[in-house]
Amino acid sequence: MEKLIKSAIIEKSNHLFGFDCSDSLIQFQKTKKEFEGDTTLVLFPLMKLAGKSPQEIGKVLGDFLKDNVRCIRNYSIIGGFLNVSFPNSYWTRQLSEINADSDFGLAAKDSKPEIMVEYSSPNTNKPLHLGHLRNNFLGYSVAGILEAFGHKVIKTQIINDRGIHICKSMLAWQKFSPLNEKGERENPENTGMKGDKLVGKYYVEFDKHFNAEAKEIIAQWNAGQFEGYPKTTIAKYEEFTEAKKGKDEKAVSGLNDKIKELAKNETPILKEAKDLLIRWEGRDPEVYLLWTTMNGWVYSGFNETYCKMGVTFDRLYYESDTFILGKDLVNEGLEKGIFYQKDDRSVWIDLTDEGLDHKLLLRSDGTSVYMTQDLGTAVDRFNDYPELTGIIYTVGNEQDYHFKVLFLILEKLGYSWAKSCFHLSYGMVDLPTGKMKSREGTVVDADDLMDEVIESAKEMTAERGHLDGMNDTERENLYKVIGMGGLKYYLLKVDPKKRMLFNPAESIELNGHTGPFIQYAHARIQSLLGKANAFELDTETEMGTSEKEIIKQLVLYPAIIEQAAKEYAPSVIANYTYELVKLFNQFYQNITILNETDGKQKALRLTLSKNVAKVIKSSMHLLGIEVPDRM
RNA sequence: GGUCCCAUAGCUCAGCUGGAUAGAGCAACUGCCUUCUAAGCAGUAGGUCUUUGGUUCGAAUCCAAAUGGGAUCACCA
């Protein structure tokens with residue numbers, strides 16, 4: 001509609017004002033609630049050029065539109081704004097079109113290029129936590145939104161299944177897991193522990209011994225015993241110790257950390273882990289079997305968690321498969337002279353021309369680092385999917401620098417698609433008690449949190465729900481839908497880029513700006529429709545302002561999907577649906593529907609309700625949130 | 001120290017491609033269940049949009065600086 005008005009004005013602008021006005025001069029905005037009108041033209045930009053007052057311009061424009069655009073019956077000028085009104089029939093027709101389209105808002109399937117969305121990407125040593133929930137919900141939702149916008153989407157994750165950290169937990173399990181009466185070490189079957197939790201436990205165990213050994217070494221050094229340690233290490237130790245003298249507390253603690261690093265490198269346990277990594281890279285059968293077994297435990301644990309989260313993947317990538325390709329790429333870059341090699345054989349890239357630093361790509365012992373693997377994985381993916389036009393990486397904003405460098409290197413290696421890769425960088429989730437830190441045990445475990453949220457939904461629903469005639473499975477499912485819906489909405493309603501605070505009490509709240517608030521509206525509408533007889537919309541029906549407001553909000557849905565897709569922001573959808581539900585609730589609470597005697601009115605209101613429910617369901621689906629028919 | 005991100009009501013967040021009197025929710029206070037699900041609705045109160053400059057007819061929104069908070073700059077991932 002606004003496009004129509006705009007083109008009509010531009011076409012006749014010379015005639016109207018005596019000059020040709022450009023596209024950007026015709027600005028629309030939403031009409032404020034206090035004023036009558038369906039859209040508003042901002043007159044200020046035209047004032048200067050026309051050399052007339054806003055009233056004069058408004059009159060000229062308003063009369064012009066009334067005469068030339070069929071739909072426009074009325075206008076009013078307030079200040080520098082021209083409020084234009086459309087007739088009722090315009091809005092009933094809009095509603096009728098929405099009603100006829102069961103996929104309202106969704107673009108044609110696969111009408112846009114293929115895109116890959118990566119999310120989750122866990123470390124196999126650490127059970128999933130609250131931060132992963134934000135990551136998974138975000139990634140899954142963005143994938144859904146892009147699909148709704150017409151893209152072909154491949155959902156993926158990279159599983160970080162190799163490297164020194166994996167060897168750490170393998171080693172700790174071998175060394176410290178107690179044997180039971182059958183002579184077996186701990187495993188998920190004989191302990192009943194979730195596999196990822198069991199492996200995580202041994203990773204922590206490694207760290208404990210690791211730190212203890214390092215402490216011992218420092219004590220030795222402090223006592224002057226340097227036998228058996230490399231000269232360069234001792235020299236550094238002495239240098240740092242010397243530097244501590246006369247420094248303030250902060251500087252001393254920094255130097256102490258450096259000394260600790262030195263000591264850690266000398267611990268027997270780390271050396272053992274490094275040996276294990278070398279054996280793994282050499283495909284030692286014993287190590288390989290252990291690795292496969294323990295990873296298997298982790299994956300079954302993760303799958304259980306993903307299932308509860310309600311997220312899925314189309315394709316998995318394992319770093320153990322892609323790191324070789326990464327190394328090849330580095331060698332290729334080295335030959336081309338994009339990278340350089342230091343005397344100790346480590347490979348680097350110089351990014352100082354781009355205002356960045358030098359970055360390591362291959363260790364002196366020839367093993368690969370994070371960046372090497374990511375290079376390999378990216379290229380691998382474009383080889384696997386020839387139609388692919390870009391990858392979206394859902395990764396926390398602490399890795400902004402990493403991705404900047406990654407994309408830059410890919411570009412330097414000559415991959416043109418590097419430009420269409422995007423780091424969907426999201427902010428950390430803070431707790432009221434401060435930052436989550438695994439070392440301090442302030443991590444919120446994903447499984448625990450989901451269980452709590454569902455349990456809480458169960459208690460609340462028992463108090464106020466409408467569950468008559470539901471069997472136990474239906475009830476359990478409902479608790480899950482409400483609990484998870486609340487949690488997902490809580491994490492997704494905030495702009496992904498921003499750091500957010502996770503308040504446990506608010507996350508299970510059912511009132512106000514929450515998931516259950518939206519779900520409740522859907523359940524009420526379903527109940528309403530269940531009680532209604534057949535109805536059919538008549539496009540000649542009169543309507544009140546609250547009905548019209550709702551139709552206006554419904555009409556926005558396709559544009560909202562577009563915005564959310566372009567900004568990779570599920571929060572746009574979340575806030576839109578909340579607005580819609582608020583408008584609907586006002587209408588529902590103040591206007592009678594089933595008892596309306598005027599049949600045309602009743603049909604309009606029911607059609608409206610039905611389509612509100614449709615859009616609620618569709619938009620919540622884009623957030624990965626289910627909506628119940630009863631609650 | 002270099003680079004990047006953030007700052008809106010007591011709290012959590014919208015609004016930011018410049019436009020009318022800056023909006024929600026929570027918390028506080030008032031009302032509304034004998035009519036479609038009160039997980040709701042109606043209302044009261046709460047703001048120098050961190051500060052200072054600049055651009056503009058017009059700035060929460062754009063630019064610059066300051067202040068405060070965070071991240072990052074590893075032969076960790």
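So you know, we letter chains A, B, ... as the sequences are listed, proteins then strands, and number each from 1.
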Base B:A14 to side chain A:S571, donor-acceptor N/O within 3.5 Å cut-off: no
Determine whether the aromatic ring centres of residues A:H513 and A:Y489 are separated by less than 6.0 angstrom. yes
Using a 4.0 Å heavy-atom cut-off, does A:D468 contact any base of the nucleic acid, only the sugar-phosphate backbone, or nothing at all? nothing
Step-by-step ring pair (Phe, Tyr, Trp, His ring centres under 6.0 Å) determination, A:H402 to A:Y370: CA-CA 9 Å; A:H402 172 80; A:Y370 186 29; 4.0 Å; yes
Donor-acceptor pair between A:E549 and A:Q553 side chains, under 3.5 angstrom: no
What one-letter contact string describes nucleotides 27-39 of chain B from 5' to 3', where B marks a base within less than 4.0 Å of any protein heavy atom, S marks contact via sugar-phosphate atoms alone, and - marks no contact? --------SBBSB
Look at the side chain of A:Q29 and the base of B:A20, then say whether one donor and one acceptor between them are separated by less than 3.5 Å. yes
Between A:F81 and A:L362, which residue's closest nucleotide on RNA chain B lies nearer the 5′ terminus? A:F81
Counting only side-chain heavy atoms from C-beta out, which of B:G70, B:A42, B:A14 sits nearest to A:Q586? B:A42
Under 4.5 Å between any side-chain heavy atoms of A:K602 and A:D598, yes or no? no
Can you tell me how far C1' in B:G19 sits from the matching atom in B:A59, rounded to whole Å? 10 Å
Both A:D495 and A:Q27 contact RNA chain B. Which one's nearest nucleotide lies toward the 5' end? A:D495
Polar atom pairs between nucleotides 57-60 of chain B and protein, under 3.5 Å, N or O only, would you list them?
from, atom 1, to, atom 2, distance (Å)
B:C57, OP1, A:K48, NZ, 2.8

If we take the C1' atom in both B:G18 and B:U56, what is their distance in whole Å? 9 Å
For B:C33, is chi within 90° of 0 (syn) or not (anti)? syn
Indicate for each nucleotide in nucleotides 2-11 of chain B, in 5' to 3' sequence, whether protein heavy atoms under 4.0 Å reach the base (B), only the sugar-phosphate (S), or nothing (-). -----S----
Can you tell me how far P in B:U44 sits from the matching atom in B:G23, rounded to whole Å? 13 Å
Using the rule ring-ring contact (aromatic ring centres under 6.0 Å, His included), only one of A:F422, A:Y119, A:F403 pairs with A:Y393; which is it? A:F403
Can you list every side-chain hydrogen bond (donor to acceptor under 3.5 Å, both in side chains) pair that touches residues 75-84 of chain A, not counting sequence neighbours? A:T40-A:N83, A:D63-A:Y75
Pick the C1' atom in B:A9 and in B:C5, then give their distance to the nearest Å. 24 Å
Would you check if there is a donor-acceptor pair between the side chains of A:N125 and A:S169 at a distance under 3.5 Å? yes
Under 3.5 Å, side-chain donor or acceptor atoms of residues 459-470 of chain A against the rest of the protein: list the pairs with distances, not counting sequence neighbours.
from, atom 1, to, atom 2, distance (Å)
A:T461, OG1, A:A457, O, 2.6
A:H466, ND1, A:M631, O, 2.8

Between A:S141 (side chain) and A:L138 (backbone), is there a donor-acceptor pair under 3.5 Å? no
Taking B:C11 as the reference, what is the distance to B:G47 when you measure between their C1' atoms (whole Å, please)? 14 Å
For atom P, what is the distance between B:U50 and B:U61, given to the nearest Å? 8 Å
Are a donor atom and an acceptor atom from the side chains of A:S320 and A:D161 found within less than 3.5 Å of each other? yes
Gap between atoms CE and P, on A:M500 and B:G25 respectively (whole Å): 19 Å
Intra- and inter-strand pairing of RNA chain B, written as dot-bracket with Watson-Crick and G-U pairs under 3.5 Å and | for the latter, reads (((((((..((((.....[...)))).(((((.......))))).....(((((..]....))))))))))))....
Considering only the C1' atoms, how many Å lie between B:G46 and B:A24, rounded to the nearest integer? 14 Å
Using the C1' atoms only, state how far B:A22 lies from B:C41, rounded to an integer number of Å. 24 Å
